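Worksheet: the structure to be examined is printed underneath.
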Amino acid sequence: MKKFNTSTCSLIISVILLGVPAYAATIKGVVSYEGEVPNLKPIDMGADAICLSKHGSAVMPQILVLDENKKMANVLVQIVSGLPKQEYPVPTEPVVLTQEGCQYHPHVVGVQVGQTVKVLNPDGTLHNVHALCKVNAEFNLAMPKFRTEMTKVFDKVETMFPIKCDVHPWMAGWVAVLAHPYFNVSQTNGAFEIANVPAGTYELEAWHEKLGTQKASVTVTADETKEVNFTFSRP
Amino acid sequence: MQEIPYTVAVRQDTGLYNAKMGIWLFLASEVMLFGGLFSAYVLLRVGAGEHWPLGATYLNVAIGTFNTFVLMSSSITMLMAWASLKMKNFGHFKMYQGITIALALLFLSVKGYEYSMKFKHHHFPSDNTFLAIYFTLTGIHALHIIGGVVVNSYLWGPGSKMWQAEPERFTNRIEVAGLYWHFVDLVWIFLFSVMYLL
Amino acid sequence: MSESHHEHESSFWKKYIFSVDHKIIGLQYGITSLIFLLFGFTIMMLMRWQLAYPEQPLPVIGKIFGENRMPGGIMLPEFYNQLGAMHGTIMVFLGVVPLAVGAFGNYIVPLQIGAPDMAFPKLNMASYWSFFVGGVIMLVSFFVPGGAASSGWTSYPPLSDIATVGQTMWLFGMAFLITSSLLGSVNFIVTIFQLRVKGLTFMRLPFFVWAQLVTSFLLLLAFPPLEAASVMQLMDRLAGTSFFLPSGLLISGQPLANSGGGSVLLWQHLFWFLAHPEVYVLILPAMGIVTEILANNTRKPIGAYKLMVYAIIFLGFMSFIVWAHHMFLTGMGTAISSFFQATTMIISIPSVVILAAFFLTLWGGAIRFTIPMLFALAFLPMFGIGGLTGLPLGLAAADIHLHDTYYVIGHFHYIVAPGTIFALFAGIYYWFPKATGRKMNTLLGHLHFWPSFVCMNLIFMPMFIQGLAGVSRRLYDGGLTYAHAQGALHWNVFISMAVWTLALSQIPFIINLLVSMKCGEKVGDNPWEATTLEWATPTPPPHGNFTRELSVYRGPYEYSVPGASRDFSPQYEEKP
Amino acid sequence: MIADQNSAQKEIRKYLLIFVVLLSLTLMNVFVSRLHLNISLTIIIVLSVAAFEASLVACQLMHLISEEKLIYSFLVLTVIFFVFALFIPLWGIFNPITGSTHVP
């Protein structure tokens, strides 16, 4: 009897995946920066010799990451309204947040409720992951050099909150816990892409840790790829 | 040599029976407890400097005064209860002790009303250190009153059977309970003046 | 004499679990506190592994602590802090104080003053069960999410205000322990004042009873301010008040959403107002026990008994006005620092008076090296070292360098471990025959004493060296990451080895304690030929203690009285 | 203390008198606090009146006036430590290390 159940389940799942072409729309775009670029001081990692040894050249802060034609990275773009009210399946593969070179990579990350977050500490020095979340239970866990990996699950939706390392004050990361999978963080070339969006009109929101948020509304029909761009500038 | 001496009889060189010395020692430790809380009050008030709110801004002085009268009268009726036992009048004792308990419950309900009024106006202990020390001090004091009510009601109800068997020992118990009750009233006098009037 | 106290055949529960007999309660306190001492000791052995071999997996048992405490057998800093905080709390509040005051006080004081029981038997039982509940809460707090309290046994805010739920359980546990000590101290003071037998004036009281009297006053008057402070910390943690959270407090960069206006020093003042008298509560009963044993085993009266009584009273009084020498580094000005520096120097005088009286007692005595005597003799130099190493900490200028280093750990452990705990061992060996009618085995006694004595020194002497090298306390890796500590790191392995040998050398004691109850050498009512009243009772003393009329004719330590028939003349015998 | 009937009446009359005195002193305190004199003056007046009321309660109602010497010694000891616990923390605040920006 047991075997029969598993086979019927797998049958049903495959039908859902195949039979629903309506989710094929994608929203793409580029985030660019306008105005003169502030020259930021490189991070001084002198406090911890191990961190210093990880970098050959000077390390620029991740607060404003631009490429040569002023495209912005580390901007979280997500759909904030217009989505049908429904439970979204939690992705099984974990989001990886590494502290490589005494910095959080990725600097800004979106996570779904219930999705495991795997925090790595390949640096061979003591880090401690202090998540300053208000809705989720705040935690402050040490990761000595022998603890190379730690997993955490956020069980409540929460807007962007900082993650800090109390050992290295320059380390900072941002995490948002979202109910739906329709979000993406802009890469170094400023490009972002939200795939499998069901047809409908939505309101997009682009968030940056320093320059605030910007809204844009977009309408997509099935199988369409819509281009939406954002530009941020110093207030 | 089995039964514990001086539970009722007074010991010559100390002139006390066990329970009276015991209650005075307990009251000494209570003085230190409220001492700790008042030292916190003084430190917080001095630390806050001029933006320490006047008592009357948050607290209703009229209700506080009424409550002080209630507690003072319960102190007097407690004394009358003990006096009537000394005069071997058990009926009067039951009456006065009953009044003392009733007044104590009145005090607690007025206190409860005050608290609910604060919460309704969204004044919570977390708003500022004045309200924090107000709720802590009056809360601990109220706990002591509840303790007193429990002891007094036991002595009024089941405990009073001891009057037939050992009247002397029962009178001492009422005296000791009375000492505790007067102390609780004494603490409230300071508490009322410090929190409501200053 | 009074109406016959019929020994109704009460059930097992009434007789042993919910008993109101001071001897049963004394034994209950004794057994519970010995178990807590053992548990506190094993916690520390775990910490010693982490200090000796930081970040190396603990073989064999490392796996049983689970992933969020010791992943792969290697200890996490959070777990190390929990162990540190709970080692202090358990050893002080659940181990030594209940053993010294709860067990010895409850069992011996009524016997030594000729009383049938404590003044308030039911209150006595209540104090034990309040202690028991406090102990259970402390143990359970290890298994709550976030683990036990982890901001030191002193739980200073603001760290303790924002700690995990274990800290709240620590506060509730402390409330029960404080209630237990308060009820106990009222009981002791009334018993000592009111139930002394005919002829037992204050100046004929055994010194152990004096020590318990002064200790009870310390507990009575010093504990309530900590109760007030822990209520305030509970309000901070549960009701969001800011008694101990100053305004503008940043928790790793993020401003705390609280009303502010509180003061961290408020907690420290109220905590140390208790904690310094508390450390005297740890040492005074030990002095009392050592006095009894020294007099008995040198067959000589205690040197300067009256002087020691005034010294211990003065010590008790002074212990209330020295507390801020724990706070020299909190930004106190020169005026207040010099006040507390002066009172700290003054308080060392009565301790030296008492220690000198002990040494005087040895002079010209016919010393019998029984096992309790060995422990009592060891107490003298150990307490001496502990006391003298405290002086640099008492001076504000020197304290700046030594504050919160391993020097402090060495100082107070010298007084508590080879001092108080050795005296308590001495007391167990000394009064075991009275409680059970059998003597503890002497060979096992030696097997317990000599290695413990050696290991105690091997553990705590190097701590002075580490402290002077500047190694701070409460370091998760014993100073591995600090450049100035590199020279003293090798001592960590040395100390840890000594700690584990000390653990091994406790096994003879545990065997001795359990085995001798049944098959120890049978002895009479007064095996040590002592003079104080507790030896006048049959063995083990029945409910109500004394079977015959009793009165006291002389001082407590009338040994080798010229012209007496024997070398000891008991207090309770008319003509020796 | 209360030997026979008429001295009992006298005692009770004394207690009632004390009761009235306490009530009036409390009312006086409330009145003083409403005068809004400068703060330190109000503190001194209100606290001294409260202390007087407390001594009335202690001496008369708790019969401290005719208590044993032993109880006095306990209470004196407690008051000494009470004063220490109350004022030493304050002294700590008012005497900070010179040259440091110590924010109370």
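Basis for what follows: all heavy atoms, side chains included, without hydrogens, waters or symmetry-related copies. Chain A is the first sequence line, chain B the second, and so forth, proteins listed ahead of strands; every chain is numbered from 1. Keep in mind it's a predicted model, so treat the numbers as computed, not measured.
- Top candidate by heavy-atom pairs under 4.5 Å with chain B, chosen from Leu16(D), Ile18(D), Leu61(D), Leu70(D), is Leu61(D).
- Under a cut-off of 6.0 angstrom, the local environment of CZ in Phe52(D) is sparse, with at most 12 non-hydrogen atoms contributed by other residues, nucleotides or ligands.
- Of the inter-residue distances, the one linking His182(B) atom NE2 with Leu64(D) atom CG reads 12.0 Å to the nearest 0.5 angstrom.
- Using a 4.0 Å cut-off between a side-chain N of Lys or Arg and a carboxylate O of Asp or Glu, Glu67(D) and Lys20(B) qualify as a salt bridge.
- Counting heavy atoms from C-beta outward, Leu47(D) and Val194(B) have side chains that approach closer than 4.5 Å.
- Among residues at least two apart or in separate chains, there is no salt bridge (charged side-chain N to carboxylate O under 4.0 Å, His left out) pair with a member in residues 74-96 of chain D.
- Closest approach of Ile189(B) to Ala50(D), counting heavy atoms only: CG2-O, 3.9 Å.
- Within residues 104-123 of chain B, no residue has any heavy atom under 4.5 Å from a heavy atom of chain D.
- Both the backbone and the side chain of Val31(B) have a heavy atom closer than 4.5 Å to some heavy atom of chain D.
- Considering every non-hydrogen atom in both Ser193(B) and Val46(D), the closest pair reads CB-CG1, 3.7 Å.
- Using non-hydrogen atoms only and a strict 4.5 Å limit, the part of residues 22-30 of chain B facing chain D consists of Trp24(B), Leu25(B), Leu27(B), Ala28(B).
- Annotation: Gln164(B), atom CD; neighbour count of heavy atoms from other residues, nucleotides and ligands within 6.0 Å is above 12.
- Sorted by first and then second residue, the side-chain hydrogen bond (donor to acceptor under 3.5 Å, both in side chains) pairs involving residues 36-47 of chain B (not counting sequence neighbours) are Tyr41(B)-Arg45(B).
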Using the rule given for side-chain contact (heavy atoms from CB on, under 4.5 Å), can you reason through Leu197(B) versus Val32(D), listing the C-alpha separation, both sets of side-chain angles and the distance that settles it, and then say yes or no?
CA-CA 9 Å; Leu197(B) 305 182; Val32(D) 163; over 6 Å; no
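- The environment of CH2 in Trp163(B) is crowded: more than 12 heavy-atom neighbours from other residues, nucleotides or ligands sit within 6.0 Å.
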